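Reading through the structure tokens given below for one structure.
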Amino acid sequence: MEKDWIKIFSTDRPFEAEMVKGMLLENGVNAVLLNRQDSSYIQALPGQAEIYVHSSQVTQALELMNETK
């Protein structure tokens, strides 16, 4: 990941991360989803789906996320 990208969300449910990413994109926030889950180990060691946004949009992204809770 390039510098200046900040992780703002993490979950072990990829569908939830996809929904958050979609909401951010719809509102003009450039969001990147990294799925750190490995299907061969998902039962024993579930990974995380993480959302990153550029540091210049962190405040906007967090405000949007708080509004949708």
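One-based numbering along the sequence shown. In this text the structure is predicted, and so the values were computed from the model without any measurement.
Contacts of Gln57 classified as side-chain hydrogen bond (donor to acceptor under 3.5 Å, both in side chains), with partners at least two apart in sequence or in another chain: none. Applying the side-chain hydrogen bond (donor to acceptor under 3.5 Å, both in side chains) test to Ser10 and every residue at least two apart in sequence or in another chain returns Gln48. Evaluation of the side-chain hydrogen bond (donor to acceptor under 3.5 Å, both in side chains) rule for Thr59 yields no partner, not counting sequence neighbours.
The two residues Pro14 and Ala49 have their closest heavy-atom pair at CA-CB, 4.1 Å. Ala17 and Leu33 make their closest contact through CB-CD1, 3.5 Å (heavy atoms, listed as atom of the first residue, atom of the second, distance). Scanning both residues, Gln60 and Asn27, for their nearest heavy atoms gives NE2-O, 3.3 Å. Contact between Met65 and Phe9 at its shortest, heavy atoms only, is CE-CD1, 3.5 Å.
Side chains of Trp5 and Val32 form a contact here, defined as non-hydrogen atoms less than 4.5 Å apart.
If you run side chain to side chain contact (heavy atoms under 4.5 Å, CB included) between Val20 and each of Ile51, Thr11, Ile8, only Ile51 comes through.
The line from OG of Ser55 to CD1 of Ile6 is 5.5 Å long, rounded to the nearest 0.5 Å. Lys21 contributes atom NZ, which lies 12.0 Å from atom CD of Glu26 (distance to the nearest 0.5 angstrom).
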(request) Any chance you could lay out the side chain to side chain contact (heavy atoms under 4.5 Å, CB included) test for Leu64 and Leu24, step after step, and finish with the verdict? (result) CA-CA 7 Å; Leu64 286 166; Leu24 292 171; 4.2 Å; yes
